[in-house]
Protein chains: 2
Amino acid sequence: MCRRTDGDILSGMAWRSENLNEVQTVWWEPGAVCLIDQTKLPHARETVRCKSVEAVAAAIRELVVRGAPAIGVTAAYGMALAARKSAATDRPGLLDELVRVKKILDASRSTAVNLSWATGRMLGVARKTDPGVVEIAERLLAEAHEIRDEDKRMCRRIGEHGAALLGRGSRVLTHCNAGGLATTGYGTALAPIRMAHEEGKELHVFVDETRPFLQGARLTAWELREAGIPLTLITDSMAAHFMGRGEVDCVIVGADRIVANGDVANKIGTYGLAVLARAHAIPFYVAAPTTTIDLSLKSGEEIPIEQRDPEEVTHLGDQPLAPEGVHAAYPAFDVTPHGLVTAIITERGIVEQAYEKELRRLVQAG
Amino acid sequence: MCRRTDGDILSGMAWRSENLNEVQTVWWEPGAVCLIDQTKLPHARETVRCKSVEAVAAAIRELVVRGAPAIGVTAAYGMALAARKSAATDRPGLLDELVRVKKILDASRSTAVNLSWATGRMLGVARKTDPGVVEIAERLLAEAHEIRDEDKRMCRRIGEHGAALLGRGSRVLTHCNAGGLATTGYGTALAPIRMAHEEGKELHVFVDETRPFLQGARLTAWELREAGIPLTLITDSMAAHFMGRGEVDCVIVGADRIVANGDVANKIGTYGLAVLARAHAIPFYVAAPTTTIDLSLKSGEEIPIEQRDPEEVTHLGDQPLAPEGVHAAYPAFDVTPHGLVTAIITERGIVEQAYEKELRRLVQAG
């Protein structure tokens with residue numbers, strides 16, 4: 001069961017004093033995978049403690065935790081939780097159970113590849129661990145911690161590589177939230193922005209609100225404000241206007257899956273931004289860890305696009321935004337062809353062309 | 001004072017039985033300009049009765065009535081109301097007052113040119129009317145009725161001209177609400193859609209929700225549903241995705257001002273759609289009456305863009321969507337260069353090229 005603690009509705013002042021660097025996205029407590037509830041931020045800060053694999057899968061599905069890297073870490077802890085809670089008495093029984101658990105977790109969301117990457121890695125570790133069920137459980141928890149720590153290091157590296165692309169006074173547009181809340185560290189798309197800000201480059205960030213879940217308005221605006229980075233919140237429909245006025249120098253977004261040819265699946269709205277950026281001769285950057293790269297798919301056409309409940313479009317929480325019963329669509333992601341991507345920023349370096357060859361090289365360098 | 005009647009919160013069923021063709025947008029009652037409150041639709045149907053010019057200006061400013069043609073008719077009735085309520089005892093006194101009233105009304109919104117067009121026409125009529133104040137007041141009310149009736153006829157004509165551009169099974173994308181609620185008749189952008197639907201062309205309409213005011217989700221979705229026209233409501237950020245999949249055959253939008261060279265000011269988000277349409281080789285049509293054409297401005301750069309309160313972006317009604325105090329922007333309109341406009345559909349015909357010359361010809365044909 002997923003138990004929610006009583007949330008403190010943060011007052012303006014209390015909330016202003018929060019430092020995001022202290023806000024954990026995913027963490028472990030004995031017997032529970034803990035998550036800050038991102039459906040409630042920034043208006044309330046609540047912790048969700050998932051004490052079963054089903055609860056972890058539900059939390060991923062319901063966007064309590066979101067962002068490809070954070071989902072990967074959460075799923076890794078989910079595998080560790082399953083091993084710890086398992087009633088299996090021998091190694092084969094536990095491995096069978098972990099195969100089943102991997103399927104449950106992988107099915108919770110369909111587009112972000114970090115999810116199945118993390119569960120696959122955990123299963124591989126379990127299979128390579130010789131002794132009994134207790135040892136496997138301990139080993140898996142250690143591996144989940146390691147995945148989390150790698151995620152933190154990966155964020156810093158993306159920041160270091162990406163910051164070099166941002167000049168003094170750059171005006172950067174971002175979409176959705178590929179920040180600290182989408183990872184366990186510094187963020188992906190926001191990492192270069194944070195790093196450049198720390199270097200004193202005096203950036204300004206245009207934050208797309210990112211309908212329908214408002215990750216930009218709720219999460220990115222919060223993170224940037226906490227970090228003291230100047231921002232302007234805009235509706236998604238305003239991006240072209242500011243590009244047309246010459247007020248945007250580049251776009252940086254995250255990714256949920258990057259396939260062999262460099263096509264990128266990311267939050268719905270990303271493809272449109274990429275087309276607009278190209279039309280205005282503005283660089284369009286994608287920042288993501290190499291765990292987001294899926295060499296098993298040749299092109300973006302093969303990426304499964306999650307279709308979410310249209311009620312998330314027609315309603316804001318319980319509040320109806322549209323006439324009752326109106327038909328709506330909610331493809332949660334879109335695919336940006338590699339030809340519109342100026343560069344992909346990873347923790348192992350920046351790829352600017354020849355994606356097919358270079359992405360393979362980066363993955364194999366791991 | 002602007003008095004609001006107690007609104008009936010319509011239940012799903014009551015509301016389903018509404019026929020939009022029976023819903024009046026703007027109408028006259030002795031001593032009051034009456035408006036259906038578009039800030040409340042479709043969730044509640046309330047009438048706002050404006051008994052002073054200040055109340056009319058406030059209703060326009062607060063979007064109780066919106067849509068360039070509807071604003072024009074409302075302002076015309078506002079001038080008639082002023083004449084009727086005036087304490088002036090002679091013709092010069094009344095004309096002085098009407099000049100002052102025109103300024104108040106014109107200042108209520110800055111981008112839609114139909115507003116100053118209508119007040120200018122009313123003032124011109126007052127100046128040409130010879131006898132005393134009572135006669136002028138009567139003449140102005142008759143003129144406001146005439147502007148309303150012309151608006152209704154204009155909508156039908158736009159529908160007739162525009163429907164010819166829509167083939168059987170066309171999948172049309174529209175933004176904001178340029179429908180019956182934006183006019184006193186059949187709509188502008190929605191007129192060709194309605195007409196083609198009546199002709200049995202089996203259209204499907206993608207409706208951009210149109211943040212932040214949600215004219216698409218609240219008003220256009222309602223109008224189309226009432227008219228029995230199949231629709232899919234999408235967030236503004238989804239348009240590119242559906243265009244990229246080949247699911248959109250054309251875009252039709254309204255306009256708040258069209259200048260001499262054919263540049264078009266319309267709801268924020270329109271420019272981005274025009275760029276996306278061009279990138280996908282999809283026709284982009286603008287439907288508007290000739291009263292929306294402003295030959296006094298040479299290019300779109302000269303159009304004043306209304307900047308609205310950013311709280312309308314950071315809040316939905318009283319509900320905060322973003323962290324407290326975050327900086328936001330709300331340019332209410334953007335400008336689409338004529339080069340991205342495939343055709344302009346007016347009540348006097350369709351202009352497809354040589355906008356400079358052809359728009360002038362259409363205006364002078366009036």
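In what follows, chains are A, B, ... by sequence order, proteins preceding strands, each numbered from 1.
Atoms CD1 and CG, from B:I268 and A:D236 in turn, are 11.5 Å apart once rounded to the nearest 0.5 Å. To the nearest 0.5 Å, the span separating OH on A:Y271 from CE on B:M243 amounts to 9.5 Å. Taking CD of B:E312 as the reference point, atom OG1 of A:T235 lies at 11.5 Å (rounded to 0.5 Å). One finds the NZ atom of A:K267 at 9.0 Å from the OG atom of B:S237 (value rounded to the nearest 0.5 Å). Atom-to-atom distance recorded for B:E324:CD and A:R225:CZ is 7.0 Å, nearest 0.5 angstrom.
With a 4.5 angstrom heavy-atom cutoff, B:D334 touches chain A via backbone and side-chain atoms both. Looking at B:L321, the atoms closer than 4.5 Å to chain A (heavy atoms on both sides) sit in the backbone and in the side chain alike.
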Check step by step if side-chain contact (heavy atoms from CB on, under 4.5 Å) holds for A:V313 and B:I234.
CA-CA 7 Å; A:V313 170; B:I234 60 175; over 6 Å; no
Residues A:L231, B:V326; criterion side-chain contact (heavy atoms from CB on, under 4.5 Å); working and verdict
CA-CA 8 Å; A:L231 71 103; B:V326 153; 3.6 Å; yes
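Taking the six-membered ring for Trp and the full ring otherwise, the centers of A:H327 and B:F206 sit at least 6.0 Å from each other. Aromatic pair A:Y330/B:H241: ring centres not closer than 6.0 Å.
Nearest heavy-atom pair, B:A328 versus A:T232, reported as atom, atom and distance to 0.1 Å: C-CG2, 4.1 Å. Across every non-hydrogen atom of B:A322 and A:H43, the tightest pair is O-CE1, 3.7 Å. Nearest approach of B:A221 to A:P323, heavy atoms of both residues: CB-CD, 4.0 Å.
A:R211 places no side-chain N or O within 3.5 Å of a backbone atom of B:E209 that could act as its donor or acceptor partner.
Contact count against chain B (heavy-atom pairs under 4.5 Å) is highest for A:A217 among A:G272, A:A217, A:P212, A:A279. Among B:A274, B:G269, B:P230, the residue making the largest number of heavy-atom pairs under 4.5 Å with chain A is B:G269.
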